[in-house]
Amino acid sequence: MRFSNAFIPTVKEAPKDATSPSHIFLIRGGYVRMIGSGLYEMLPLGFRVLKKIMAIVRDEMDGAGAQEVLMPGLLPATYFKETGRYDGFGDTLLRLKDRKGGEYHLGPTHEEIITDMVRREVKSYRHLPINLYQIQMKYRDEPRPRAGLLRCREFLMKDAYSFDTCHEDALKSYAIMREAYKRIFTRLGLDFRIVKADSGAMGGDTSAEFQVLAQTGEDDIVACHACEYAANVEVATAKRQDDATSDESPGDLAKVHTPGVGSIEDVVGFFQKNDHSHIDATRVLKSLVYLSKSGQGADAKEEIVLAVVRGDHEVNEIKLTRALGATEVLLANEKTVRQATGAGIGFAGPVDAKVRVLIDESAAAVKNAATGANEQDHHLVNVNHGRDFEGEVVDLRSVTDGDPCPNCGEPLASFRGIEGGHIFVLGTHYSAKMGAEFLNAEGKRNPVVMGCYGIGVSRLMASAIEQHHDEGGIIWPMAIAPYQVIITTLGKGKKKDEAAEAEATKIYEALRAEGLEVLLDDRKERPGVKFKDADLIGVPLRVTVGGRGLGEGVVEYKKRGGGDLEKIPLDTIVARVISDVRAELP
RNA sequence: CGGGGCGUAGCGCAGUUUGGUAGCGCGCACGGUUCGGGACCGUGAGGUCGAAGGUUCGAAUCCUUUCGCCCCGACCA
């Protein structure tokens, strides 16, 4: 492509509402434009990148035995009504009516539609397994679109669905997808982790997220450097810490007057100064009063509960919610705390608590702990779980940087991640509800066992930039760069240098003849403008053809991601570029 | 949905407090001088000041309503 004929509207200043690197550079580099909250146009450069990501995804999906289909994006409401998701999706579902008043919605995902397709056509175990996928726009009325392509209301997604005769085979399909995803993310040039995640309300018991590591990610994850363990903090666990006090024998329970001492910090400070210098945060039981809500509408219920973790730990509200089987939990206000404990905030404790008590495993292991006395300005010391109070022992704490890996005990490191893919074993959740059944070898009807596998294609485009950029712009991995090479011609200012132009065109044609994707910057612009644009757009390789080099019979060659400026003789530059491009394309 | 902020030329902004009929930088067009990391000078085009209603002799500015966008949080099969 000749830049002079291209539609690549680069800009010096991004709109003020662009904040994350990918958003800023996608706009500045002329890749995308926003036309509404969470709605983006793909300009030529942006669409080239998107097509490259799609090509890799298709290649690996096809290679893994999946077949591509295309379902409508506009869906009759009946299918989602079958599974309850027409209402269950809530405001996220974009609903609309046709001219006859018929109910429709835009597809946020396609489990129901694909399940319907399969139930109509697949009748026998002989037809299974199958794996069908599509790449299409998905629509979700996000409460808050953000960060450009990272969270949109319309976004490009690859969604695949596997159908097997039994759970065991479904796990095989899942494993095949897991491997395919690893290859996809690797080929895309992304630094990623496969992490354990919350399966959500979809009833899957096996799932994993493919998290692209990036500062701007919305998800907190932890990963072990020594073993394979990695998990979203929503579900991450740490090895139980119970060694410190395990060989102590229980002391006598005693009440201590602790005026105005509420926070863990204050409690530890107070005891350190008042004859209990052995008490640090790990020995304090932090007790938080929560309001647990469950059920909906007329069935809605509220319960006050006490969540107990070690003083140096934090309560993970997702774990607490799950342990309670609640829909949500809210930290109680002062009034509720008084009602539940008889004291102000800061003096709650599990001993003689009048509400349901849940205690974290590590907290339960602490011997001779200090904790609130459920009495204003008092704490208890030498508190022991089992002797002084009861409570359901569960995993309640949030795992943080440095906590021991649950597998090997090595310290976990924390990262921010962008969820680029998510794979689930769904089981028979949809097939049972929708009657997607097959006859097995004995002639008996069984629901098909499903799995689903998503990749946020447009999100990955932004994720790649989050991971690969510098102050000047994007640094594309070769595999998804809109062009592999940019040839920058330097004329005499805005006047063209005929000789440079001719040499550049020769190189351009030679590279194109080899199938390379080349952008020839033949614009009548000053050198600075061309260099800045080349960096911004992020083309991996740059060949500079100018009078200065041509005098010595060389062109200049630079890799966007780093490396020195090299002078390459005119007669070898083509071979060099071809070899470098191919070296980076697995 | 709670909290905060913003809508003035394609982009970034000033002007709003104290009403007097809209300006700067970039970009764009033309001319000239420059010419290897976003040049300089000159000339010019481009805006119903988000929208509607009201107050006023007069509204970007004051009042009311409304729409849109961003950020933090909640939420996110």
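Only heavy atoms go into these numbers, but all of them, side chains included; no hydrogens, no water, no symmetry mates. Per chain, numbering begins at 1; letters A, B, ... match sequence-line order.
- Ala18(A) comes within 4.0 angstrom of no nucleic acid atom, judged by non-hydrogen atoms across all strands.
- Of the candidates A77(B), C76(B), G38(B), C76(B) carries the atom nearest the Arg151(A) side chain, counting heavy atoms from C-beta on.
- Taking a pair to require two hydrogen-bonding distances under 3.5 Å in either a Watson-Crick or a G-U wobble arrangement, G20(B) pairs with C57(B).
- Counting heavy atoms from C-beta outward, Asp141(A) and Arg153(A) have side chains that approach closer than 4.5 Å.
- The side chain of Arg153(A) sits closest to C69(B) out of G37(B), A77(B), C69(B).
- For A51(B), the paired nucleotide is U65(B), the pair qualifying as Watson-Crick or G-U wobble because both relevant distances are below 3.5 Å.
- Not a single donor-acceptor contact under 3.5 angstrom links the side-chain atoms of Arg28(A) to the base of G12(B).
- Base engagement by Gly549(A) is indicated by at least one non-hydrogen atom pair under 4.0 Å involving a base atom.
- Heavy-atom distances to RNA chain B give each of Thr10(A) and Thr19(A) a nearest nucleotide, and the one nearer the 5′ end belongs to Thr10(A).
- Heavy-atom distances to RNA chain B give each of Gly36(A) and Met157(A) a nearest nucleotide, and the one nearer the 5′ end belongs to Gly36(A).
- Contact detail for Glu209(A) and Glu419(A): the closest heavy-atom pair is OE2-OE1, 3.8 Å.
- Arg542(A) comes within contact range of at least one nucleobase, with a heavy-atom separation under 4.0 Å.
- In this structure, OH of Tyr430(A) is placed 10 Å from P of A77(B), rounded to the nearest angstrom.
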So which protein N/O to nucleotides 22-25 of chain B N/O distances come out below 3.5 Å?
residue, atom, partner, partner atom, Å
G25(B), N2, Glu13(A), OE1, 3.2

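- Backbone-only engagement by Ser37(A) is indicated by non-hydrogen atom pairs under 4.0 Å involving sugar-phosphate atoms exclusively.
- When both distances must be under 3.5 Å, the Watson-Crick or G-U wobble mate of C1(B) is G73(B).
- If you take CD1 of Ile24(A) and C1' of C71(B), they are 13 Å apart, rounded to a whole angstrom.
- Among the atoms of the strands shown, only primed sugar atoms or phosphate atoms (P, OP1, OP2) are found under 4.0 Å from some heavy atom of Ala147(A).
- Under the ring-ring contact (aromatic ring centres under 6.0 Å, His included) rule, Trp476(A) has a single partner from Tyr483(A), Tyr31(A), Phe25(A), which is Tyr31(A).
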Donor-acceptor list for residues 562-574 of chain A side chains, cut-off 3.5 Å, not counting sequence neighbours:
residue, atom, partner, partner atom, Å
Glu566(A), OE1, Arg576(A), NH1, 3.0
Glu566(A), OE2, Arg576(A), NH2, 2.8
Thr572(A), OG1, Pro569(A), O, 3.3

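- Residues passing the ring-ring contact (aromatic ring centres under 6.0 Å, His included) test with Phe163(A): none are found, sequence neighbours excluded.
- Residue Gln215(A) qualifies as open at atom CD: its count of foreign heavy atoms under 6.0 Å is 12 or below.
- A 4.5 Å side-chain heavy-atom check between Leu460(A) and Leu190(A) finds at least one atom pair inside the cut-off.
- Side-chain rings of His105(A) and Phe80(A) approach one another, their centers coming within less than 6.0 Å.
- Set against C70(B), A74(B), G37(B), the side chain of Pro143(A) has A74(B) as its closest nucleotide.
- Atom CG in Asp141(A) sits about 17 Å away from atom P in C75(B), given to the nearest Å.
- Leu536(A) comes within 4.0 angstrom of a nucleotide base, judged by non-hydrogen atoms across all strands.
- Across all strands, Asp533(A) comes closer than 4.0 Å to base atoms (heavy-atom distances).
- Across C69(B), U34(B), G37(B), the shortest atom-to-atom separation from the side chain of Arg526(A) is found for U34(B).
- For Lys12(A), the side-chain atoms get nearest to G38(B) when compared with the rest of G38(B), C75(B), A77(B).
- In this structure, Phe3(A) has no ring-ring contact (aromatic ring centres under 6.0 Å, His included) partners at least two apart in sequence or on a different chain.
- The nearest whole Å value for the distance from the CD atom in Glu218(A) to the C1' atom in C76(B) is 9 Å.
- For the salt bridge (charged side-chain N to carboxylate O under 4.0 Å, His left out) condition, the pairs that include at least one residue of residues 25-49 of chain A, sequence neighbours left out, are Arg48(A)-Glu517(A).
- With distances taken from any side-chain atom of Glu142(A) to the nucleotides G37(B), C76(B), G38(B), the minimum falls on C76(B).
- Taking a pair to require two hydrogen-bonding distances under 3.5 Å in either a Watson-Crick or a G-U wobble arrangement, G42(B) pairs with C30(B).
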Show the distances under 3.5 angstrom between N or O atoms of the protein and N or O atoms of nucleotides 42-46 of chain B.
none

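- Annotation for Asp470(A): atom CG counts as buried by contact number, over 12 foreign heavy atoms lying within 6.0 Å.
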